[in-house]
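A short write-up of the structure that comes next.
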2 protein chains.
Amino acid sequence: MIRILIAEDQSMILGALAAMLDMETDISVVARATNGNDALHLALEEKPDVVVTDIEMPGMSGLEFAAALREKQLAARVIIVTTFARPGYLRRALDAGVKGYLLKDAPAQQLAEAIRTIHRGGKVIAPELATEAWECSDPLNDRERRVLRLAGEGLSSAEIAKQLFLSEGTVRNYLSEAIGKLGAGNRVEAARIARQKGWL
Amino acid sequence: MIRILIAEDQSMILGALAAMLDMETDISVVARATNGNDALHLALEEKPDVVVTDIEMPGMSGLEFAAALREKQLAARVIIVTTFARPGYLRRALDAGVKGYLLKDAPAQQLAEAIRTIHRGGKVIAPELATEAWECSDPLNDRERRVLRLAGEGLSSAEIAKQLFLSEGTVRNYLSEAIGKLGAGNRVEAARIARQKGWL
DNA sequence: GCGCGCGCATGACATTCGTCACCATGCGCG
DNA sequence: CGCGCATGGTGACGAATGTCATGCGCGCGC
C-alpha cells in the first residue's frame with residue numbers, strides 16, 4: 001500500500017483528487033493540505049511514501065515545499081501536479097529533487113500510474129516539457145525582468161523609471177532588449193511570452 | 001438517480017471530479033467533455049439533469065455553453081465551478097440562466113450538495129460573490145471587449161484591425177473609450193483591470 | 001596605467017498610441 | 001418622412017513607444 005500526501009490549494013480539487021486516488025486499491029491518502037506549511041507539518045508526522053503537490057499555493061509554494069522536504073531528509077518522493085507548462089517551473093522543480101512533474105491537462109489515470117512509477121524509484125516528466133526545459137533557458141537578466149514585469153502591468157516607461165530609480169530612456173532600452181531577445185513585437189507581447197515560459 | 005454531465009478542460013481535474021461524484025449513490029456521471037463544443041453535443045445526446053461546467057475552456061467557454069443550452073431549450077440545470085471569484089463572471093452566468101456558481105476553493109463535499117439542491121429546483125451561489133455581483137457592473141460593450149482582449153495579448157492596433165475587419169482608426173477609438181470607461185492610463189492597464197473584474 | 005566590459009544615461013528619429021472632432025451609413029420608431 | 005441612435009470611418013495632433021548610435025563612469029584583469 002502506497003501512503004500518499006496531497007497538497008493543493010483549491011479544496012474542491014484536493015477533495016476530488018483524494019477521492020479518485022483512494023479508489024485505487026494500492027494507494028491510500030493519509031494526509032491532505034491546502035498549503036505548503038500545513039503540508040510540511042503533516043509530512044513530518046505521517047511520513048508518506050509519495051507526496052503529490054500543486055505549485056501555486058498561498059504561503060509556501062509547492063517548489064519551496066519540495067525543497068523543504070529534501071532539506072529535512074524525508075524519504076518522501078515528490079510529484080508536482082500543476083496547471084502550468086512552464087519550463088522555468090520544471091527546471092526549478094528538478095533542482096529541488098522532484099521525481100515527477102505532471103500537468104493537470106494530462107489524463108486523470110496518469111496520476112495513479114505516476115505515483116506507482118515513482119514509488120518504484122522511477123521518474124515521470126510531462127512529455128510536453130521534457131525536451132524544451134533545457135534547450136531554451138531564460139535569456140533575460142534581472143533588470144530586464146523587473147522592467148518587463150511592470151510593463152506587463154500596464155505601467156508607462158516613465159512610471160517604471162520612477163519605481164526602479166532609472167531614467168526613462170534606460171527603461172526603454174531595457175524593454176527594447178527584452179523585446180528583441182524574446183522575438184516579440186512590443187512590450188506587451190514580450191511580457192506575455194516571458195510569463196508563459198515562467199520567466200517572470 | 002441524478003444524471004450529470006461534467007465539462008472541464010483539465011483532464012485530470014475532470015477525471016477527479018467525475019470519480020468523486022460517481023461515489024455518491026444518488027449521482028451518476030453520464031458524460032464528460034473537455035471543452036464547450038463537445039459538452040454541447042453530449043448534452044443534446046444524453047439529456048443530463050444537471051450540468052457541471054468550468055468557465056475558462058478552449059473554444060466555447062462555460063458561459064457560452066450555458067447560454068447555448070438555454071437557447072436549445074434543454075431542461076438541464078447548470079452549475080458553474082470555477083477558480084475565479086469575478087463578479088462579472090457571476091453576473092454573466094446568472095444572465096445565462098445558470099442555477100449555481102461555486103468556487104474551486106470551496107470544500108469538495110459542497111459540490112454534491114449543490115447538485116442535489118439544484119436538482120430539486122434550488123439555487124446555490126458562492127457566498128463570496130453573492131453580494132458584490134451587482135454593485136459594479138460591466139461598462140464595456142462587446143466591440144470594446146473584443147478589441148481589448150486582443151490588445152491585452154500584445155497585438156498592435158493594425159493587427160487587431162485586421163483580425164476584426166475594422167479600420168485601425170476605429171480600433172483606436174474603441175480602445176480609447178474602453179480606457180476611459182475603466183479609468184486606465186493605457187490599453188494594457190485597461191485589459192488588466194477588465195480581466196481581473198471578469199469582464200473579458 | 002591601460003583597455004575592456006558593463007550599467008546607465010542621452011539624444012534623435014520613425015512608428016505607434018490615445019484623443020478628439022467630425023462624417024457616413026443604416027435601422028427603428030413616432 | 002424626419003429624427004435619434006448605434007455602428008464604423010477619417011484626419012489630425014501630441015504623447016508614448018521602439019530603435020540606434022553614442023557618451024560616461026567604474027570596476028577588473030593584465
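A, B, ... follow the sequence lines: proteins, then strands. Residue 1 opens every chain. The structure displayed is predicted, hence computed values, not measured ones.
- Applying the 3.5 Å distance criterion, the base of dC8(C) shares no donor-acceptor pair with the side chain of Asn173(A).
- The residue Ser156(A) sits close only to the backbone: its heavy atoms come under 4.0 Å of sugar-phosphate atoms, none of a base.
- Between the CD1 atom of Ile160(B) and the C1' atom of dG8(D) there is a distance of 16 Å, rounded to whole Å.
- In terms of phosphate contacts, Tyr174(A) brings a side-chain nitrogen or oxygen within less than 4.0 Å of OP1 or OP2 of dC8(C).
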Can you list the steps and then say if Arg149(A) with Glu153(A) is a salt bridge (Lys or Arg N to Asp or Glu O under 4.0 Å)? CA-CA 7 Å; Arg149(A) 194 176 302 139; Glu153(A) 305 279 320; over 6 Å; no

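- Taking atom CZ on Phe165(B) and atom P on dG9(D), their separation rounds to 12 Å, with Å as the unit.
- Across the protein-nucleic acid pair, Leu140(B) atom CG and dT7(D) atom P stand 13 Å apart, rounded to whole Å.
- Distance CD (Glu144(B)) to P (dT19(C)): 13 Å, rounded to an integer number of Å.
- Side-chain proximity of Arg187(A) to the nucleotides dG18(C), dT10(D), dT17(D) is greatest for dT17(D).
- Of the candidate nucleotides dT17(D), dC17(C), dT10(D), dT10(D) has the atom lying nearest to any side-chain atom of Ser167(B).
- In this structure, Val81(A) and Lys104(A) have side chains that are in contact, with non-hydrogen atoms separated by less than 4.5 Å.
- Listed candidates were dT17(D), dT7(D), dG11(D). Nearest to the side chain of Arg143(B) is dT7(D).
- Between Lys162(B) and Glu168(B) no salt bridge is recorded (no basic side-chain N to carboxylate O distance below 4.0 Å).
- Separating the CG atom of Leu182(A) from the P atom of dT19(D) is a distance of 12 Å, rounded to the nearest angstrom.
- No side-chain N or O of Thr34(A) forms a donor-acceptor pair with one of Glu8(A) less than 3.5 Å apart.
- Taking 4.0 Å as the cut-off between side-chain N and carboxylate O, Arg116(A) and Asp26(A) count as a salt-bridged pair.
- For the pair Arg86(B) and Phe84(B), the cation sits on the ring face: its NZ or CZ lies under 6.0 Å from the ring centre, inside 45° of the axis.
- The CG atom of Leu148(B) sits 14 Å away from the C1' atom of dG18(C) (whole-angstrom rounding).
- For dT15(C), its base never sits under 3.5 Å from the side chain of Asn186(A) at any donor and acceptor pair.
- Distance CG (Leu175(B)) to C1' (dA16(D)): 15 Å, rounded to an integer number of Å.
- When the nucleotides dA12(C), dA12(D), dA9(C) are ranked by their closest atom to the side chain of Arg172(B), dA12(D) comes out on top.
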Show, in sequence, the C-alpha distance, side-chain angles and deciding distance for Met20(B) and Leu111(B), and conclude whether the side-chain contact (heavy atoms from CB on, under 4.5 Å) test is met. CA-CA 10 Å; Met20(B) 182 178 73; Leu111(B) 180 54; 4.2 Å; yes

Intra- and interstrand pairs of DNA chain C - dot-bracket, Watson-Crick/G-U under 3.5 Å, | marks other strand: ||||||||||||||||||||||||||||||

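- Following rounding to the nearest Å, Asn141(B) (CG) and dG8(D) (C1') show an atom-to-atom distance of 13 Å.
- Nearest to the side-chain atoms of Ser176(B) among the listed nucleotides dT19(C), dA9(C), dG18(D) stands dT19(C).
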